Undergrad: 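Here it is: the structure, laid out below.
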Amino acid sequence: MNKITIIGSGKVGATIAHSLVVSGLSSEIVLIDINQARAASEALDIEQGIYFCNPGKIYSGTYDDAVGSDIVIITSGVGRKPGQSRLELAQVNIDILKSVIPEIVPKVPNAIYVIVSNPVDVLTYVFCKCSGIPQERVIGSGNTIDTARLSAYLSEKYEIGHENVHAYVLGEHGDSSFVPWSIANISGISLDRCSEAFNVEYKLNREEAEEYVRKAGGKVIEGKGATYYAISIAVCAICRAIVDGVPTVLPVSTMMNGEYGIEEVCLSTLNIIDGNGIKSKVAIPLTEDEIEQLNKSAKALKATIASVEI
């Protein structure tokens, strides 16, 4: 079986732990947090329901307890406040991540690291640069959640099961994200023909769909203060690809090394994930306009990276 360590037992970290237990993806889960009492209570609360799930154990601990972990999920940091952009969180969460790296990496040098804290693209870049972990074993949750939101939106509009929707959100996990509509389809049918194909009245409004995705997280935060259910499910999808070892395509944030003319920044493109981490990037046939949008996203992230201390 496998062992997963989660650093940060706030709402996101604890909900990821709960989702992992319910899904049966891990036989052993360790929660680590500077607030040890919080981590212990979250672990205990989840442990008391394991009776109804697959056999396994969950407990709180220190970095020493992370030894032997196959996956390390990092959720530590300050959460986004109502009206605050993900990028405004940058410096404070960079400093927190930099304090975590020397504690966890020497204990678990061979794990696959999944970065969830925001701004996730910037923090994934910082982890790649400061940890010494090979790039293929550093995965930012990126636009997995945005893609899920887009899929849910299109599924509802076209009155079709979400598993039939093949559309993605690329670029920054934030305001400069975009949808490569040229490759979007539902069961192989281009979205421009889906209204007729599925006999529905909805007509695709691309700008409206992208605006919905960009504002979805903020709307949840405005109503209840934080987002954690959807992102926990998205992180579990990443973990499932790693644990199962079956090559799976997901829009995660990884270091760019010249693809589409972009390098020295992390953002979301389609990647194949397997038991070793990132197997390879998918060479998506983007249009010139879409490549321009991806580069615009990269420039926005590089501007943030240049404005902070790493």
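Just so it is clear, the structure is predicted and the values come from calculations on it, not from any experiment. When a residue number appears, it is its place in the shown sequence, counting from 1.
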Undergrad: Same cluster or not: are Val12 and Ile96 linked, directly or through other Ile, Leu, Val, Met, Phe, Trp or Tyr residues, by side-chain heavy atoms under 4.5 angstrom apart?
TA: no
Undergrad: Determine whether more than 12 heavy atoms belonging to other residues, nucleotides or ligands lie under 6.0 Å from atom CG of Leu44.
TA: yes
Undergrad: Working to the nearest 0.5 Å, report the span between CD1 of Ile262 and CE of Met256.
TA: 4.5 Å
Undergrad: For side-chain contact (heavy atoms from CB on, under 4.5 Å), just list the numbers for Ile50 and Val21, CA-CA rounded to whole Å, side-chain angles, deciding distance to a tenth of an Å, and then say yes or no.
TA: CA-CA 7 Å; Ile50 284 184; Val21 167; 3.8 Å; yes
Undergrad: Do Val282 and Thr269 have side chains that get closer than 4.5 Å, going by heavy atoms?
TA: no
Undergrad: Looking only at non-hydrogen atoms, find the nearest pair between Cys266 and Leu301 and report the distance.
TA: O-CD1, 3.5 Å
Undergrad: Are the side chains of Met255 and Val138 in contact, using a 4.5 Å heavy-atom criterion?
TA: no
Undergrad: Decide if atom CG of Asn257 counts as having more than 12 heavy atoms of other residues, nucleotides or ligands within a radius under 6.0 Å.
TA: yes
Undergrad: Kindly say whether Gly171 contributes a backbone atom to a donor-acceptor pair with the side chain of Asn143 at under 3.5 angstrom?
TA: yes
Undergrad: Can you find a heavy atom in the side chain of Ser141 that is under 4.5 Å from one in the side chain of Ile238?
TA: yes
Undergrad: Can you confirm whether Lys98 is buried at NZ, in the sense that more than 12 heavy atoms of other residues, nucleotides or ligands lie under 6.0 Å from that atom?
TA: yes
Undergrad: Distance alone, cut at 3.5 Å: any donor-acceptor contact between the side chains of Glu207 and Tyr212?
TA: no
Undergrad: Can Ile310 and Cys130 be said to form a side-chain contact (heavy atoms from CB on, under 4.5 Å), step by step?
TA: CA-CA 8 Å; Ile310 297 177; Cys130 297; 3.9 Å; yes
Undergrad: If every non-hydrogen atom of Val169 is compared with every non-hydrogen atom of Ser177, which pair is closest and at what distance?
TA: CG1-CB, 3.7 Å
Undergrad: Could you go step by step and tell me if Cys194 and Leu204 meet the side-chain contact (heavy atoms from CB on, under 4.5 Å) rule?
TA: CA-CA 9 Å; Cys194 282; Leu204 177 65; over 6 Å; no
Undergrad: Within the 3.5 Å criterion, strictly below it, is a donor on Asn2 or Ser26 matched to an acceptor on the partner's side chain?
TA: yes
Undergrad: Could you state whether Leu31 and Val72 fall into the same hydrophobic cluster, counting links through intermediate Ile, Leu, Val, Met, Phe, Trp or Tyr residues with side-chain heavy atoms under 4.5 angstrom apart?
TA: no
Undergrad: Which atoms form the tightest heavy-atom contact between Ala184 and Leu191, and what is the distance?
TA: CB-CD1, 3.8 Å
Undergrad: Can you tell me how far CD of Glu172 sits from OG of Ser253, rounded to the nearest 0.5 angstrom?
TA: 10.0 Å
Undergrad: Using only atom types and a distance under 3.5 Å, with no angle test, would you say the side chain of Asp33 pairs donor to acceptor with the backbone of Ala39?
TA: no
Undergrad: Which atoms form the tightest heavy-atom contact between Ser155 and His162, and what is the distance?
TA: OG-N, 3.3 Å
Undergrad: So, the side chain of Asn93 versus the backbone of Ala90: is there a donor-acceptor pair under 3.5 Å, distance only?
TA: no
Undergrad: Between Glu103 and Lys107, is there a side-chain N and carboxylate O pair less than 4.0 Å apart?
TA: no
Undergrad: Do Asp146 and His173 make a side-chain contact, defined as non-hydrogen atoms from C-beta onward lying under 4.5 Å apart?
TA: yes
Undergrad: Tell me the closest heavy-atom pair linking Ile71 and Ala111, and the distance in Å.
TA: N-CB, 4.4 Å
Undergrad: Is Val108 close to Val67 at the side-chain level, that is, under 4.5 Å between some pair of heavy atoms?
TA: no
Undergrad: Distance check, rounded to the nearest 0.5 Å: Ser76 atom OG versus Ile7 atom CD1?
TA: 6.0 Å
Undergrad: Taking all non-hydrogen atoms of both residues, which atom of Ala14 and which atom of Ile46 are closest, and how far apart?
TA: O-CD1, 3.7 Å
Undergrad: Dump the intermediate steps for salt bridge (charged side-chain N to carboxylate O under 4.0 Å, His left out) on Arg38 and Glu42, then the final yes or no.
TA: CA-CA 6 Å; Arg38 171 68 181 266; Glu42 293 288 5; 2.8 Å; yes
Undergrad: Can you confirm whether Leu123 sits close enough to Ile94 that some side-chain heavy atom of one is under 4.5 Å from a side-chain heavy atom of the other?
TA: yes
Undergrad: If we ignore hydrogens and angles and just use 3.5 Å, is the side chain of Gln91 paired with the main-chain N or O of Glu309 as donor and acceptor?
TA: yes
Undergrad: Same cluster or not: Ile6 versus Ile104, using hydrophobic residues (I, L, V, M, F, W, Y) connected whenever any side-chain heavy atoms lie under 4.5 Å apart?
TA: no
Undergrad: For the side chain of Asn295 and the backbone of Ile291, is there at least one donor-acceptor N/O pair under 3.5 Å apart?
TA: yes
Undergrad: Surrounding CD of Glu288 (heavy atoms of other residues, nucleotides or ligands, distance under 6.0 Å), is the total greater than 12?
TA: no
Undergrad: To the nearest 0.5 Å, tell me how far Ser307 OG sits from Ile305 CD1.
TA: 9.0 Å
Undergrad: Check step by step if side-chain contact (heavy atoms from CB on, under 4.5 Å) holds for Trp181 and Asp192.
TA: CA-CA 10 Å; Trp181 294 107; Asp192 292 334; over 6 Å; no
Undergrad: Please tell me whether Ser27 and Lys3 have a donor and an acceptor in their side chains that are separated by less than 3.5 angstrom.
TA: no
Undergrad: Is it true that Lys296 and Glu292 have a side-chain N and a carboxylate O under 4.0 angstrom from each other?
TA: no
Undergrad: For Tyr113 and Phe127, take the angle between the two ring planes, folded into 0 to 90°, and tell me which bin it lands in: parallel under 30, tilted 30 to 60, perpendicular over 60.
TA: tilted
Undergrad: Would a single hydrophobic cluster contain both Val116 and Ile233, if residues Ile, Leu, Val, Met, Phe, Trp and Tyr are joined by side-chain heavy-atom contacts under 4.5 Å?
TA: no
Undergrad: With no hydrogens and no angle check, is any side-chain donor or acceptor of Thr248 less than 3.5 Å from a backbone partner on Val246?
TA: yes
Undergrad: Between the main-chain N or O of Ala241 and the side-chain N or O of Asp244, is there a donor-acceptor pair closer than 3.5 Å?
TA: no
Undergrad: Roughly how far, to the nearest 0.5 Å, is the CG atom of Leu25 from the CD1 atom of Ile16?
TA: 12.0 Å
Undergrad: Using a distance-only test with no angle check, is there a side-chain donor-acceptor pair under 3.5 angstrom linking Glu290 and Ser182?
TA: yes
Undergrad: Is Asp175 salt-bridged to Arg214, going by a charged N under 4.0 Å from an acidic O?
TA: no
Undergrad: The criterion is side-chain hydrogen bond (donor to acceptor under 3.5 Å, both in side chains); which residues satisfy it with Thr15, sequence neighbours excluded?
TA: none
Undergrad: In Å and rounded to the nearest 0.5 Å, what is the OG to CD1 distance from Ser131 to Ile115?
TA: 8.0 Å
Undergrad: Tell me whether the count of non-hydrogen atoms from other residues, nucleotides or ligands lying under 6.0 Å of CD in Glu196 goes above 12.
TA: no
Undergrad: Glu47 versus Lys57: any side-chain heavy-atom pair under 4.5 Å?
TA: no
Undergrad: Any non-hydrogen side-chain atom of Val213 less than 4.5 Å from a side-chain atom of Tyr153?
TA: no
Undergrad: Please answer whether the main-chain N or O of Thr254 pairs with a side-chain N or O of Thr124 as donor and acceptor at a distance below 3.5 Å.
TA: no
Undergrad: Between Ile139 and Leu170, is there a shared hydrophobic cluster once you connect ILVMFWY residues whose side-chain heavy atoms come closer than 4.5 Å?
TA: no
Undergrad: Can you confirm whether the side chains of Tyr202 and Glu159 place a donor and an acceptor under 3.5 Å from each other?
TA: no
Undergrad: I'd like to know if the side chain of Arg137 reaches the main chain of Pro109, judged simply by a donor and an acceptor atom lying under 3.5 Å from each other, with no hydrogens or angles considered.
TA: yes
Undergrad: Flag yes if more than 12 heavy atoms outside Arg193 fall under 6.0 Å of its CZ atom; otherwise flag no.
TA: no
